[in-house]
Amino acid sequence: MSENIRSKVALVKCDSYEQDKVDAAVRKAVEILGGLEEIDITKESRLVLKPNLLAKNPPEKACTTHPAVFAAVGKLLQDEGYTNLKYGDSPGNPVIKPEKIADECGLKTVADELGIPFGSFEEGVEIEFPEGRVADKFVICKEVVEADGIINVCKMKTHQLERITGAVKNTFGCVFGINKASSHARFSTAETFAKMIGDLNNLVRPKLHVMDGIVAMEGNGPQNGTPKQMGVILVSTDPVAIDGLFCHLVDLKPELVPTNVAAMEQGVGTYKDIIVITEDGEITPQEAAEKYGDKDFNVQRGKEYKGQLQAVRFLVPFLQKKPVVKESKCIGCGICVDSCPVEGKAIHVDGTAHYDYDKCIKCYCCQEMCPEDAITVKKSLLARIADRKWRV
Ligand code: SF4
Ligand code: SF4
């Protein structure tokens, strides 16, 4: 995809998860985007619906793709004659069976009703990817490897490493089990991790992206943030454009999101030239932000300390955010330890969880996977001052 490409994102208002409303919104969004005929899939295609199933949480926590959105996409595909469907995701905690998480998140019930089986996400296949910018191989879930196409049914959420997680980052669940943790260890900065995600998008290349932005997650995402009514369904064939529009809607500059930047550089899509298609016609992302956005959405908007502070590199360690345990909330379950990708672990449990900051690579997997909202990511005083000074 060249830098000159213009990408379309359909935006349809939807103020609740009432199934009829969600069905109508998803159907309308796909229709105004040009219909399923525009997508490179045949009726016989073996398709995998890929929701966000990060961890077991009820739908109202806004951590995972809402069952109503998943059902709307499944029904639309089936009604249009795409009946060779499976679904699945490889969640963050490799110890728990993926289908069990689908059950806890309410997706299994609707998938069973629709007759869409859970695919093979408990087996991985090593795939060489010599054209990758930073990753030359991946271990991908078998179902994804065998599919003709992925339908990415993602969630609008905040993320501590990448600021947001939407369509681009949701492909990470195509990576099999424990290999996700080793990817975090190997690509430990936000930028290198984003480049790996860019490579993964070029490998997996979902055919369509449907974003559940009816109730998004703000603040301490991607698991323990606060549900936030945004009232939109977004649909696009370009994951970077859909994430770019998400940024506009929450008053975050798209170029501050490493996954946007890397994926655009790597030809996955564009966050720069987006046409927003609504039921009332085409508008710009800025107009969409005015009409449908929320400037108070709680997301990290401070600049990374690259420009002005490059000259004072010795300050950088003092500017880094770090994960912190709230002991009063910690139940000592050890999930954070399981999810830490560092050899020998940078966190241990001794009644409650404790960090070894000398080892910690600041990947925030522990924060992402803690089920008790016991881990937050804190900025130092210097970082907070720098944020205020260079805030965008
Ligand atoms: S910090 Fe969270 S994940 Fe870690 S032991 Fe405590 S409750 Fe469990
Ligand atoms: S302790 Fe947490 S942030 Fe640090 S390396 Fe381990 S998982 Fe990543």
Side-chain angles (χ1 to χ4, degrees), residues 53-58 61-64 90-97 100-101 104-105 134-135 157-165 169 172-173 175-197 217 219-226 258-259 300 302 304-305 316-380 383:
L53 289 174
L54 174 68
K56 51 178 188 175
N57 284 290
K61 213 178 154 192
C63 168
T64 47
S90 178
N93 188 337
V95 178
I96 306 178
K97 279 176 90 69
K100 173 111 178 79
I101 294 190
E104 303 263 0
C105 298
V134 296
K157 294 192 291 179
T158 49
H159 193 270
Q160 298 309 308
L161 187 65
E162 304 291 341
R163 296 172 192 258
I164 63 158
T165 170
K169 168 77 176 39
F172 196 42
V175 173
F176 172 62
I178 194 77
N179 296 279
K180 288 192 289 302
S182 47
S183 296
H184 270 291
R186 190 167 160 216
F187 307 104
S188 60
T189 67
E191 287 73 24
T192 56
F193 186 79
K195 285 178 186 162
M196 179 275 295
I197 292 286
M217 177 179 277
N220 193 30
Q223 185 172 186
N224 292 303
T226 308
T259 47
Q300 301 169 50
E304 286 300 325
Y305 315 105
V316 169
F318 302 102
L319 292 163
Q320 273 189 325
K321 299 171 292 178
K322 66 176 184 182
V324 177
V325 174
K326 283 185 265 177
E327 290 200 4
S328 59
K329 287 192 169 185
C330 178
I331 58 168
C333 67
I335 289 175
C336 51
V337 181
D338 293 341
S339 61
C340 179
V342 170
E343 210 179 320
K345 306 291 182 185
I347 186 167
H348 68 279
V349 172
D350 174 10
T352 57
H354 301 275
Y355 284 101
D356 179 346
Y357 288 117
D358 290 340
K359 284 189 184 170
C360 177
I361 59 172
K362 317 288 190 304
C363 66
Y364 313 125
C365 291
C366 50
Q367 176 270 343
E368 187 165 331
M369 295 314 301
C370 173
E372 298 294 324
D373 191 19
I375 300 177
T376 51
V377 176
K378 286 250 162 82
K379 286 178 178 172
S380 67

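Being a predicted model, the structure only gives us computed values, none of them experimental. Numbers for residues simply follow the sequence, beginning at 1. Remember, it's 1-based here, ligands and their atoms both numbered in the order they're listed.
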Next on the checklist: Quick check: do L161 and K362 have side-chain heavy atoms less than 4.5 Å from each other?
Outcome noted: no

Next on the checklist: Is the shortest side-chain heavy-atom distance between M369 and L54 below 4.5 Å?
Outcome noted: yes

Item to check | Candidate pair M196 and R186, rule side-chain contact (heavy atoms from CB on, under 4.5 Å), full reasoning | outcome: CA-CA 10 Å; M196 179 275 295; R186 190 167 160 216; over 6 Å; no

Heavy-atom contacts with [X] under 4.0 Å: which atoms of ligand 1 show up? List them by number with element.
X	value
G332	5 (S), 6 (Fe)
E372	7 (S)
P371	3 (S)
G334	5 (S), 8 (Fe)

Less than 3.5 Å apart, which donor and acceptor atoms pair up between the side chains of residues 329-338 and the rest of the protein, not counting sequence neighbours?
residue : atom : partner : partner atom : Å
K329    : NZ   : D373    : OD2          : 3.1

Item to check | Under-2.8 Å protein N/O/S neighbours of atom 4 (Fe) of ligand 2, ordered by chain then residue number | outcome: C360 SG

Checklist outcome for this item: Short version for I375: what comes under 4.0 Å of ligand 1, heavy atoms counted, is side chain

Next on the checklist: Below 4.0 Å, non-hydrogen atoms only: which portion of C330 touches ligand 1? Side chain, backbone, both or neither.
Outcome noted: both

Checklist entry - Is P341 in contact with ligand 2, taking contact as a heavy-atom separation below 4.0 Å? => result yes

Next on the checklist: F172: which residues meet the ring-ring contact (aromatic ring centres under 6.0 Å, His included) condition with it, sequence neighbours left out?
Outcome noted: H184, F193

Next on the checklist: Using the rule given for side-chain contact (heavy atoms from CB on, under 4.5 Å), can you reason through K61 versus Q223, listing the C-alpha separation, both sets of side-chain angles and the distance that settles it, and then say yes or no?
Outcome noted: CA-CA 8 Å; K61 213 178 154 192; Q223 185 172 186; 4.1 Å; yes

Checklist entry - More than 12 non-hydrogen atoms from neighbouring residues, nucleotides or ligands closer than 6.0 Å to NZ on K56, yes or no? => result no

Next on the checklist: Counting only heavy atoms not in K378 (residues, nucleotides, ligands), do more than 12 fall under 6.0 Å from its NZ?
Outcome noted: no

Next on the checklist: Both conditions, 6.0 Å and 45 degrees, for the charged tip of K322 above the ring of Y355: are they met here?
Outcome noted: no

Checklist entry - What is the closest protein heavy atom to atom 2 (Fe) of ligand 1, and at what distance does it sit? => result C370 SG, 2.4 Å

Next on the checklist: Which residue and atom name correspond to the protein heavy atom nearest atom 8 (Fe) of ligand 1, and how close is it?
Outcome noted: C333 SG, 2.3 Å

Next on the checklist: Just to check, does I331 reach to within less than 4.0 Å of ligand 1 when the distance is taken from its heavy atoms?
Outcome noted: yes

Checklist entry - Does a salt bridge link K195 with E191, judged by any charged N lying under 4.0 Å from a carboxylate O? => result no

Item to check | Inter- and intrachain pairs under side chain to side chain donor-acceptor pair (under 3.5 Å), touching residues 339-349, at least two apart | outcome: none

